[in-house]
Structure formats: C-alpha cells, structure tokens
Amino acid sequence: MKRGTKLGLGALLAALGGFGAYAATTSPPLLLSQLDAVMGGGKGAALVAEAVPFGDHGQTLDVWRAADARDGDKRPVLIFWHGGGWVKGARADYAFAGRAFARQGFVVVVPDYRKVPQVRFPAFIEDGADAVAWTRDNIARFGGDPDTIGFSGHSAGAHTAVLLALDPRWLTAAGVDPGIVKAVVGLSGPYDFYPFTTKRSIDAMADYPQPDVTQPITFARADAPPMLLITSSNDTTVRPRNAINLHARLKQEGAVAELINYRGLDHEEVVMALSKPFRGKGPVLADSTRFLKQHLKRPE
C-alpha cells in the first residue's frame, strides 16, 4: 500500500477516520486486522477455533490455519503472543498476524493472557506456559504437529515467547517438556531491560524479588532453541540493544541465533509489516517464515 506504508499503527485512527466514533474507541491493532481483511489478508486463511478456554484463569485462544488445510494434516505450529506493554491487547485484535502465518502453512495459536494491574510477573508468563500445554494436547485436532512447535510474539509477547524458551522453569511447572519449542522468532522484544526505568516495566516486574529472573538474557545458553531476534533502528519503545545484547550473549554461549535490524522502522511498524496493507514496510513475514521453516522440522 503505497501511501499507507508511511503510517504508524497509532496513525491508523486518523487514516481510518471515516469510522467516526467507532474508530476512536477501537484499538489500532483491531482496526489493522479489519483493514487487513478488507484488503485480502484473510484470503487463504481460516479461523478454525475461536475463544477456546485454556488454563485456570479465564484465558482464551484462537487457532488459525490455511484454508485448504485438513484436520488430519501435520503442519508446523506457531504460538504467537501479542504485545501491549503487559497492560493491553487481545488475541482477536491480532487476527492479521494469525492469518499471515496461517497463509504461510503454519497452524497458528494466538492466546490471551492476564495483564497489569490485575496481575504482575510472572502471571502472564504462567499463562503463556498454559497456552503451550493446551497446544501440545490439542493442536493435532486442528491439523497441527505437536512435535514441531515454534514460538513468536511482538513486544511484551516476544518477552513471553523468548523467556519461555530460555528459562525452563515455567514450562516445567505447567507439565510441559521445555524441549517442546523448536524455534523462536522475537519481534521487537524486551530481553535485557534491568534496571527498570519505564512505568510499564516497573509496574509489571518490580514487585518480583529476583529481577534477574524477569530478564531473558539471564538464561542464554548453548542449547537454546534456534532464535531469530528482529529489531528496528527507529524503535524508541523497546530499544534495539535488547535484541543486540541477547543475540551477542547467545552467540557467545554457542547457540544458534540470528539478528535482523530493519533500518528506518519503528516499534509498531515491525508488527504492522505482517499485515497485507503494510507488508511493504519490510520483509518481516518472509524472514520469520524462512527461519521457522528452516528449524521446524519433524524429528527423524
């Protein structure tokens, strides 16, 4: 979209001003999902399960897959956690991400999780682990292969994806083998942000008595799942140093890790680039898909 690619996610409200009061009270990601659908982003993708309960705290999730997929398939699985600074966001708002990866051949799980101020760390990480347990136990019914599960997420969702992959305590507590995750793509995530300096990180993390446990970089190790860490030069929300530092630590430990720093993109534009209207912003979907398909392979 030639003119649209110059818009930030917050500017969608102005761009879609014709929605009037509706646009003013609707989240930008939801508006983006609606615009994505209008412009053909949903063609070839199907929502096969909606608002499915999981865990013990009222969480729900959606499942997306390619429109031509069948229940008996064994397609690679991607769990995608949305962002929102641990205080906002909803699975339904990120339909554009579920559709995008479903069209690439993945069975995609998009979970909700509890948020600040109702909870603090590690409640949203525990919810993430519960979503993994549900996926392991149920995804075969939707044509997904429980032996080829990858994690991804944007911003706070990337923090969940990467921390679950690196620190085994959370999956283990949920009764899940930490080896279940075969690859991770983190989009604009905070991985090395202690001491806490922003209101959102203070509100979400500062009450936890061991701040190092909140930091994914603490758990970098040689046998970590392969990780693609995506950041962008104009990200002033989650500074590029988070991905750069974690990538360097993983490589130092001997892990498989890749870093991409998109020049000129900001924090929101990285996830916007998953949508059809804004895919011209950068090859985020193509790079993520390449990495995931390279590493999400069934064991021999």
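All values below come from the heavy atoms of this structure, side chains included, with hydrogens, waters and symmetry mates left out.
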Within one Ile-Leu-Val-Met-Phe-Trp-Tyr cluster: Val119 and Phe54, side-chain cutoff 4.5 Å: yes
Cluster check Val77, Phe106: I/L/V/M/F/W/Y, side chain < 4.5 angstrom: no
Distance in Å, Leu163 CG paired with Trp170 CH2, rounded so as to fall on 0.5 Å steps: 7.0 Å
Distance-minimising heavy-atom pair for Arg114 and Phe124: O-CB, 3.5 Å
Salt bridge (Lys or Arg N to Asp or Glu O under 4.0 Å) partners for Asp56, two or more places apart: none
Any donor-acceptor N/O pair, Asp266 side chain to Asn234 backbone, under 3.5 Å: no
Spatial distance of atom NZ (Lys293) from atom NE2 (His295) [nearest 0.5 Å]: 14.0 Å
With Arg70 via salt bridge (Lys or Arg N to Asp or Glu O under 4.0 Å) - residues at least two apart: Asp73
Audit row: Trp134, Gln59, side chain to side chain contact (heavy atoms under 4.5 Å, CB included) steps and yes/no: CA-CA 11 Å; Trp134 182 94; Gln59 312 100 302; over 6 Å; no
Ser155 side-chain N/O to Gly83 backbone N/O, donor-acceptor pair under 3.5 Å: no
Asp287 side chain near Tyr262 side chain, heavy-atom distance below 4.5 Å: yes
Check: Thr135 and Ile180 side chains under 4.5 Å, non-hydrogen atoms: no
4.5 Å side-chain heavy-atom contact, Ile202 and Lys199: no
Arg103 side chain vs Lys43 backbone, donor-acceptor pair below 3.5 Å: yes
His154 ring center near Tyr94 ring center (under 6.0 Å): no
Non-neighbouring partners of Arg221 that pass side chain to side chain donor-acceptor pair (under 3.5 Å), sequence neighbours left out: Asp223
Beyond-backbone contact of Pro117 with Asp203, side-chain heavy atoms, under 4.5 angstrom: no
Co-membership, hydrophobic cluster, residues Phe219 and Ile244, 4.5 Å side-chain: yes
Asn245 vs Arg249, side chain to side chain contact (heavy atoms under 4.5 Å, CB included): CA-CA, chis, key distance, verdict: CA-CA 6 Å; Asn245 291 355; Arg249 183 74 60 84; over 6 Å; no
Thr218 vs Val213, side chain to side chain contact (heavy atoms under 4.5 Å, CB included): CA-CA, chis, key distance, verdict: CA-CA 7 Å; Thr218 300; Val213 172; over 6 Å; no
Test side chain to side chain donor-acceptor pair (under 3.5 Å) applied to Arg141 - qualifying residues, sequence neighbours left out: Asn138
Any donor-acceptor N/O pair, Lys115 side chain to Gly89 backbone, under 3.5 Å: yes
Side chains of Asp127 and Pro111 in contact at under 4.5 Å (non-hydrogen atoms): no
Residue list, side chain to side chain donor-acceptor pair (under 3.5 Å) with Gln104, at least two apart or on another chain: none
Minimal non-hydrogen separation, Pro240 against Asn261, with atom names: CB-ND2, 4.4 Å
Taking every non-hydrogen atom, the tightest pair across Ser288 and Val284: OG-O, 2.7 Å
Atom pair NZ (Lys251) and CD (Glu258), whose distance is rounded to the nearest 0.5 Å: 9.0 Å
Partner residues of Phe151 under the ring pair (Phe, Tyr, Trp, His ring centres under 6.0 Å) criterion, sequence neighbours left out: Trp81
Backbone N/O of Phe142 and side chain of Arg75: donor-acceptor pair under 3.5 Å: no
N/O donor-acceptor pair under 3.5 Å between Arg65 side chain and Val48 backbone: no
Backbone of Arg239 reached by a side-chain donor or acceptor of Asn242 within 3.5 Å: yes
Within one Ile-Leu-Val-Met-Phe-Trp-Tyr cluster: Leu61 and Ile149, side-chain cutoff 4.5 Å: yes
Spacing of Asp147 atom CG and Ile139 atom CD1 [to the nearest 0.5 Å]: 13.0 Å
Connected via hydrophobic side-chain network under 4.5 Å: Met227 and Ile230: no
Among Thr237, Asp235, Thr236, Thr231, side-chain hydrogen bond (donor to acceptor under 3.5 Å, both in side chains) partner for His267: Asp235
Smallest separation among heavy atoms of Asp36 and Lys276, with atom names: OD1-N, 2.8 Å
Parallel, tilted or perpendicular: rings of Tyr194 and Phe196 (30°, 60°): perpendicular
Option from Val108, Leu78, Leu274, Val184 for which side-chain contact (heavy atoms from CB on, under 4.5 Å) with Ser152 holds: Leu78
Under 3.5 Å: donor-acceptor pair, side chain of Ser275, backbone of Phe96: no
Heavy-atom neighbours of Lys88 NZ exceed 12 at 6.0 Å: no
CA sep, side-chain torsions, deciding dist, call: Leu246, Asp192, side chain to side chain contact (heavy atoms under 4.5 Å, CB included): CA-CA 7 Å; Leu246 178 56; Asp192 182 19; 6.0 Å; no
Exam field: side chain Arg99 to backbone Ser33, donor-acceptor pair closer than 3.5 Å: yes
Gap between atom OG1 of Thr289 and atom CZ of Phe101 - 0.5 Å precision: 5.5 Å
Smallest separation among heavy atoms of Gly264 and Ser233, with atom names: N-OG, 2.7 Å
From Phe193 atom CZ to Thr198 atom OG1, the distance as rounded to the nearest 0.5 Å: 8.0 Å
Whether Thr214 side chain and Pro211 backbone form a donor-acceptor pair below 3.5 Å: yes
Pairwise side-chain contact, His57 with Gln118, heavy-atom cut-off 4.5 Å (strictly under): no
Atom of Val162, atom of Pro216 and distance for their closest heavy-atom approach: CG1-CB, 3.8 Å
